[in-house]
S.K.: 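Before we start, here is the structure in question, set down as C-alpha cells.
Note that this is a predicted model, so its numbers are computed, not measured. Counting begins at 1 with the first residue of the sequence.
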Amino acid sequence: KFKFTFAFLLVAFAISFSMYACSSEVDEQSYEAQLAKHLTEEGAVMYGAYWCPHCSDQKQSFGKAFKYIQYVECDAKGPDANPKLCETKKIKAYPTWVINGRFYEGNIPLESLANLSGF
C-alpha cells in the first residue's frame, strides 16, 4: 500500500508541476500579448506605483503579457524605480499612459488602448 501511495503522490506532483510550468508561459497569439507588443513597438509607456490598486488592475488586464509593456515605477520604494523620470514627465496620477506623445490617466480598457495606439 505504501509503494502505491508514494508512486501516486510522485505522479500527482509531476503533473501539478508541469501544469504550473506551462501556465507561467504567455500565449503569444493572445489579444493581450499582441496588444502589449504593439504598444511597446509604438513607444507607449505606462507610469505607475507598486502600491496603486488601479495600476494593479491595469497590469492584470494584460495578464502574463504585461511583461511586454514598457513600465516605469514612479515610487522610489518600488522595484527598479525611476522617480526622476516621472517628475520630468510631470506624472501626477497612476496609472498614466503616454501614447504617441499624449498623456492618458487611469486604468484604460484594452480596447481603448488599442484604439489610442492604432492597433
S.K.: With a cut-off of 6.0 Å (strictly less than), are more than 12 heavy atoms of other residues, nucleotides or ligands near NE2 of His38?
M.R.: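 Atom NE2 in His38 is crowded, with more than 12 foreign heavy atoms closer than 6.0 Å.
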S.K.: Quick one: side chain to side chain contact (heavy atoms under 4.5 Å, CB included) partners of Asn115, sequence neighbours excluded?
M.R.: none
S.K.: Run the disulfide (SG to SG under 2.5 Å) test against Cys86 and tell me which residues pass, sequence neighbours left out.
M.R.: Cys74
S.K.: Any side-chain donor paired with an acceptor under 3.5 Å for Gln58 and Trp97?
M.R.: yes
S.K.: Could you state whether Tyr104 and Leu110 fall into the same hydrophobic cluster, counting links through intermediate Ile, Leu, Val, Met, Phe, Trp or Tyr residues with side-chain heavy atoms under 4.5 angstrom apart?
M.R.: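 Yes, same cluster.
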S.K.: So, taking the atom named NZ in Lys90 and the one named OG1 in Thr96, what distance separates them when rounded to the nearest 0.5 Å?
M.R.: 14.0 Å
S.K.: Can you hop from Trp51 to Val72 via hydrophobic side chains spaced under 4.5 Å?
M.R.: yes
S.K.: Excluding sequence neighbours, so at least two apart, what forms side chain to side chain contact (heavy atoms under 4.5 Å, CB included) with Ser112?
M.R.: Ile108, Pro109
S.K.: Can you list every pair that meets salt bridge (charged side-chain N to carboxylate O under 4.0 Å, His left out) and has a residue in residues 28-37, with sequence neighbours left out?
M.R.: Glu28-Lys37
S.K.: Applying side chain to side chain contact (heavy atoms under 4.5 Å, CB included), name anything that partners Lys77, two or more places apart in sequence or on another chain.
M.R.: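 If we apply the side chain to side chain contact (heavy atoms under 4.5 Å, CB included) test to Lys77, skipping adjacent residues, the hits are Tyr50, Asp75.
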S.K.: Let me check something: do Phe66 and Tyr47 share a hydrophobic cluster, defined by ILVMFWY side-chain heavy atoms less than 4.5 Å apart, either directly or through other members?
M.R.: no
S.K.: Identify the heavy atoms of Cys55 and Pro95 that sit nearest to each other, and give their distance.
M.R.: SG-N, 3.6 Å
S.K.: So, for Ile99 and Leu116, which heavy atoms are closest and what is the spacing to 0.1 Å?
M.R.: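 That closest heavy-atom pairing would be CG2-O, 3.7 Å.
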S.K.: Taking side chain as C-beta onward, heavy atoms only, is Tyr71 less than 4.5 Å from Thr40?
M.R.: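 A side-chain contact is absent here, since even the closest heavy-atom pair is not under 4.5 Å.
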S.K.: With rounding to the nearest 0.5 Å, note down the distance linking CD in Glu41 to OG in Ser117.
M.R.: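 Taking CD in Glu41 and OG in Ser117, the distance rounds to 10.5 Å.
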S.K.: Below 4.5 Å, heavy atoms only, C-beta onward: do Phe62 and Leu35 meet side chain to side chain?
M.R.: yes
S.K.: Would you call Tyr94 and Asn107 a side-chain contact if the rule is heavy atoms closer than 4.5 Å?
M.R.: no
S.K.: With sequence neighbours excluded, tell me which residues meet side chain to side chain contact (heavy atoms under 4.5 Å, CB included) with Glu87.
M.R.: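 Once residues adjacent in sequence are excluded, Glu87 has no partner under the side chain to side chain contact (heavy atoms under 4.5 Å, CB included) criterion.
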S.K.: Would a single hydrophobic cluster contain both Phe103 and Val45, if residues Ile, Leu, Val, Met, Phe, Trp and Tyr are joined by side-chain heavy-atom contacts under 4.5 Å?
M.R.: yes
S.K.: Does the plane of the ring in Phe119 sit parallel, tilted or perpendicular to the ring in Tyr31? Use 30° and 60° as the thresholds.
M.R.: perpendicular
S.K.: What heavy-atom pair brings Glu73 and Ala49 nearest, and what distance separates the two atoms?
M.R.: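 The pair with the smallest heavy-atom distance is OE2-CA, 3.2 Å.
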